[in-house]
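Step one of this worksheet: look at the structure below.
In this chain, numbering begins with 1 at the start of the sequence shown. The structure presented is a predicted model; accordingly, all values stated were derived computationally and were not measured. Whatever order the structure lists ligands and atoms in, that order sets their numbers, starting from 1.
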Amino acid sequence: MARHLLTLDSLGRDGIRQTLEIAARIKSRGGMTRDALAGGRVGLLFDKPSTRTRVSFEAAIWGLGMLPIALRSDELQIGRGETIADTARVLSRYLSAFVIRTFEQSRVEELARYATIPIINALTDDHHPCQALADVMTLQEEFKELAGLRLAFVGDGNNVCHSLIQAAGHMGFTLAISTPPGYEPNSEIVAAAQANCRVNGGGIELGHDVRAAVRGADAVYTDVWASMGQEKEREERARVFAGYRVDGALMALAAPRAIFLHCLPAHRGDEVTDEVMDGPQSRVWDEAENRWYTEQALLYLLITGDVDGERLG
Ligand code: CP
Ligand code: NVA
């Protein structure tokens, strides 16, 4: 099992499968993990807002019997110039794991370089691996087999899209991505996932035609047009992304059994209509709930390395 979760690639195919197996076990018991890691301590640092990630992690940490310690950069010495390396060295002496949501991916990677405890990426500008774990769990619950599935991603090719690309590479499903020109995902992440798809099946398709991406898809996924940190670009993005809204007419092009997914928070009326969010194909609340189980499984596996889940009983 990996030591850190920096991107979804940190886990790889086996790590993702092990996490999902443990998560499903935890879900089948109503989310209870019986204080399996009693006495542990987990730090959480959020440099950006969060509802789901923050609450699901704190609930997961408490459920495992550990103490959650929520931190903010402006309350740490890091805000006054203490280096990331020194912060990582010191926090490793107190904590069992550290969860961080921040801007640059390099900050998370630097923490991991100097920490002797697991570092968990709770979203950066470039990746959102925790989200992809819950997304894959939701797809598996719906379709059982991921092989052969076609997931359409409509919108911005940034953090959430990147983690879904890595998920497709490891789990062998097809991800058909449709972005406005200039908002494509990182080509190195795409190329690495395409190489994984050659081994595991599936593929990564890129394009700008939303209808072509969604036609026949088993699931349709979208994310906000302006991510956290891009607030100043909101108006421009609203213009550029106007043709990338998931509405009932677009969903009608997907397979009859298709489901709708969204990492949330949703900007209703922008990237998705109420009709789709609240419609019968929407699985967004189950997807959000699954964050709680995948986060528990992830903490358990990264802290203990026990892929059999023996301490869970
Ligand atoms: N999906 C997600 O990460 O939500 P939050 O920003 O509320 O944590
Ligand atoms: N792309 C979004 C995801 C939020 C969970 C953002 O970074 O704001």
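With respect to atom 4 (O) of ligand 1, the closest heavy atom belonging to the protein is Arg52 NE, 2.8 Å. Nearest protein neighbour of atom 7 (O) of ligand 1, counting heavy atoms only, is Thr51 N, 2.7 Å.
Side-chain contact check for Arg291 versus Leu264: every heavy-atom pair is 4.5 Å or farther apart.
Every residue meeting the ring pair (Phe, Tyr, Trp, His ring centres under 6.0 Å) condition with Tyr221, not counting sequence neighbours, appears here in chain and number order: Phe153.
Ion pairing between a basic and an acidic side chain is recognised when a charged N comes within 4.0 Å of a carboxylate O; Arg54 and Glu58 show such pairing. Between Asp270 and Arg234 there is a salt bridge, since at least one side-chain N of the basic residue sits less than 4.0 Å from a carboxylate O of the acidic one. The pair Asp274-Arg268 meets the salt-bridge criterion, with a side-chain N (NZ, NE, NH1 or NH2) lying under 4.0 Å from an Asp/Glu carboxylate O.
Proximity annotation for atom 6 (O) of ligand 1: of Met228, Arg101, Lys48, Arg101 comes nearest, heavy atoms only.
The ligand atoms of ligand 1 that sit less than 4.0 angstrom from a heavy atom of Arg291 are 1 (N), 2 (C), 3 (O).
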Exercise for review: Could you go through the side chain to side chain donor-acceptor pair (under 3.5 Å) check for Thr222 and Glu271 one step at a time?
Suggested key: CA-CA 7 Å; Thr222 191; Glu271 76 275 3; 5.9 Å; no
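Distance check: Trp285 CH2 to Asp278 CG gives 7.0 Å after rounding to the nearest 0.5 Å.
The shortest N or O to N or O distance between Thr53 and ligand 1 is under 3.5 Å. Ligand 1 has no N or O atom lying under 3.5 Å from any N or O atom of Pro265, backbone or side chain.
Side-chain polar atoms of Glu141 and Asn290 form a donor-acceptor pair below 3.5 angstrom.
The shortest heavy-atom distance from Leu123 to ligand 1 is not under 4.0 Å.
Between His127 and His162, the ring planes lie tilted relative to each other; the angle falls in the 30° to 60° range.
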Any protein N or O within less than 3.5 Å of an N or O in ligand 2? List each pair with its distance, or say none.
{"from": "ligand 2", "atom 1": "1 (N)", "to": "Asn159", "atom 2": "OD1", "distance (Å)": "2.9"}
{"from": "ligand 2", "atom 1": "1 (N)", "to": "Asp223", "atom 2": "OD2", "distance (Å)": "2.6"}
{"from": "ligand 2", "atom 1": "1 (N)", "to": "Ser227", "atom 2": "OG", "distance (Å)": "2.7"}
{"from": "ligand 2", "atom 1": "7 (O)", "to": "Asn159", "atom 2": "ND2", "distance (Å)": "2.8"}
{"from": "ligand 2", "atom 1": "7 (O)", "to": "Ser227", "atom 2": "OG", "distance (Å)": "3.4"}
{"from": "ligand 2", "atom 1": "8 (O)", "to": "Met228", "atom 2": "N", "distance (Å)": "2.8"}

